Amino acid sequence: AGGVVKCIAQVGGAVAGLPLGFLQQRAGWRGVFLLTACISAASALATLPLWLTMAQGATITARHGTVADFQQMQQAGSGRACGGGGLAALDSSSRPLRAADKKRL
C-alpha cells in the first residue's frame, strides 16, 4: 500500500507543475496559494467524518523482526511462496501487543 501511495504522490508532483504554472501566470502566486489552501480545506472536510472512526474488533499486533517472528510467518503461510496465506496469514501470526512491548516503544 505504501508503494501505491508513493507512486501517486510522485505522479501528482510531476503533473502538478503545468496547471499550477498556468495559474501562476494568470493569477500570480496569490492565486496558486489560494487554490492549494482551498484544496487542503476540502481534503480536511472530506476526511472529517473518519476522524473518530475506529476499527471494530481489531487488535494491535507487533513484529520485532526476530527469527521467531519470521518462523511464525512461514508456518502460517505453510511454507508457500510469498507467505501463501496472504494478509490473513500474516495477521494471524502476529501476537497482540503486550504491556512490556508498549514500554519499549
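The analysis underlying the following values was restricted to heavy atoms, covering all of them including side chains, and did not include hydrogens, waters or symmetry mates. Worth saying up front: this structure is predicted, and the values here are computed from it rather than measured. When a residue number appears, it is its place in the shown sequence, counting from 1.
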Item to complete: Please check if Leu20 and Trp29 belong to a single hydrophobic cluster, counting links between Ile, Leu, Val, Met, Phe, Trp and Tyr side chain heavy atoms closer than 4.5 Å.
Response: yes
Worksheet item: Between Ala46 and Pro49, what is the shortest heavy-atom contact and its length?
Response: O-CD, 3.4 Å
Worksheet item: How many angstroms lie between CG in Leu45 and OG in Ser40, if you round to the nearest 0.5 Å?
Response: 11.0 Å
Worksheet item: Leu34 and Ile39: same hydrophobic cluster, using ILVMFWY side-chain contacts below 4.5 Å?
Response: no
Practice prompt. List the atom of Leu35, the atom of Leu23, and the distance in Å for their closest heavy-atom pair.
Written response: CD2-CD2, 3.5 Å
